[in-house]
Amino acid sequence: MTKRLAILGSTGSVGVNTLDIVQQHLDRFSVVGLAAGSNIDLLEEQMRCFQPSYVSVFDLQRAKELRERTSDLGVEIFDGTNGSCAIASLPEVDLVLSAIVGGAGLAPTLAAIRAGKDVAIANKEPLVMAGELVMREAQGRVRVLPVDSEHNAIFQALAGHNRGDVRRLLLTASGGPFRTLPGEKFGEITVHDALQHPNWRMGRKITVDSATMMNKGLEVIEARWLFGVSADQVDVVVHPQSIVHSLVEFIDGSIIAQLGIPDMRIPISYALNYPDRLANTLPALDLTRIGTLSFEPPDLNRFPCLRLGFEAMRTCGTLPAVLNAANEMTVEAFLHEQIQFNDIPAVIEETLQRHDVRPLGDGNIDIILDADRWARETASLIINCRYQ
Ligand SMILES: NC(=O)c1ccc[n+]([C@@H]2O[C@H](COP(=O)([O-])OP(=O)(O)OC[C@H]3O[C@@H](n4cnc5c(N)ncnc54)[C@H](OP(=O)(O)O)[C@@H]3O)[C@@H](O)[C@H]2O)c1
């Protein structure tokens, strides 16, 4: 019996890495459903290679084109957000790999959980926006298996331990391409510069998030909800080599870490095949060649996005959803060269300051969706007024 997968975001960096693992383990995994945004060239290749029964394309026009192109395959092709949700809740699926980028992944991720599917989650933004509610829905019903390398490392380090014995979760951060760049030079950073991550090859949005260190700001919130700890139990340490993927400190002072080469196929494999490990042919980690593993505190002055992430985590309520939405809007504006690199934290901070934080109450997702909409409008208003 193979484990039957639905892969949301199959044409992205995590999606492609996941299919690479599936390709090498066709005896263990089969692909029932694929969902993507608009890249139908790659999606068609994936359909012909992995023969899913169902596919979804967010973009309606592109979905129509794909139906015409692949009419020989007899695959049912859905579209829009409902299409991604349909793929996430297919009765014949055992595990959903959630790897759409951004808040667009919230509805499909929730749909998977509500349909009783285990979810391997790379898509961190839904956990930032609504982690408390997402984990509450999952609790006792389905597994939420972390794919993000830091959270996957923590998940591995926690295995076999009593959660009550945890003192602190320590997320490592590479520091991104501007770790050593003096603050006065940040004004000169171009889109091209920001897309050069020193250690990881990833999609454009998360690569810019790594450059601003908002990625780590989002990850502290993600960690809080995934592992059910309090805000003061989550901390960040900069580790430029990206070999130690994160650490757990226990009440007796022991620290357990997970190490490995920076390759997403390792955490993806662990989540796909949990609790068993999958053999691979990746290069082994040779610590004698690495030589030095170094650690330093994050600089919250040069990287205010990380400070904003910590603040949103501590405040909770609707603030993390506002942080996420404002970040998505500003990163998009930066990638389109409408704003400068330094404007990213400035616009996000102003959006956060304008927001009246609301508690989440009994868990109605509408409060979060309202905050998300409000933050997108507000951030875009600030961008248009100030920078156009
Ligand atoms: N890349 C990594 O190594 C990594 C590591 C840890 C965590 N993550 C997280 O994993 C998620 C994916 O990251 P990524 O780097 O793989 O992103 P990516 O390369 O930009 O891929 C994003 C995927 O989402 C799809 N998509 C975008 N909007 C959609 C929508 N509205 N409906 C359906 N599909 C949509 C894209 O489809 P099209 O290509 O067709 O537009 C693509 O398949 C992010 O949340 C990121 O933070 C990534």
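Order of appearance sets the numbers: ligands from 1, and atoms from 1 within every ligand. Computation of the quantities below employed the complete heavy-atom set of this structure, encompassing side-chain atoms and omitting hydrogens, waters and symmetry-equivalent molecules. FYI, the numbering just counts along the sequence from 1.
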Distance filter under 4.0 Å, heavy atoms only, around ligand 1 gives Gly9, Ser10, Thr11, Gly12, Ser13, Val14, Ala36, Gly37, Ser38, Asn39, Phe58, Ser84, Ala99, Ile100, Val101, Ala104, Ala122, Asn123, Lys124, Glu125, Asp148, Met202, Gly203, Ile206, Met264
When you check the side-chain N and O atoms of Ser174 and Ser242, is any donor under 3.5 Å from an acceptor?
-> no
Thinking salt bridges, do Asp118 and Arg141 make one under a 4.0 Å N-O criterion?
-> no
Just checking, is any N or O donor in the side chain of Glu219 or His151 under 3.5 Å from an acceptor N or O on the other one?
-> no
For the side-chain contact (heavy atoms from CB on, under 4.5 Å) test, which of Leu360, Asp370, Leu133 pairs with Ile365?
-> Leu133
Taking the side chain as every heavy atom from C-beta outward, state whether Val14 and Asn17 have any pair of such atoms under 4.5 Å apart.
-> no
Mind checking whether Phe303 and Phe178 have ring centres under 6.0 Å apart?
-> no
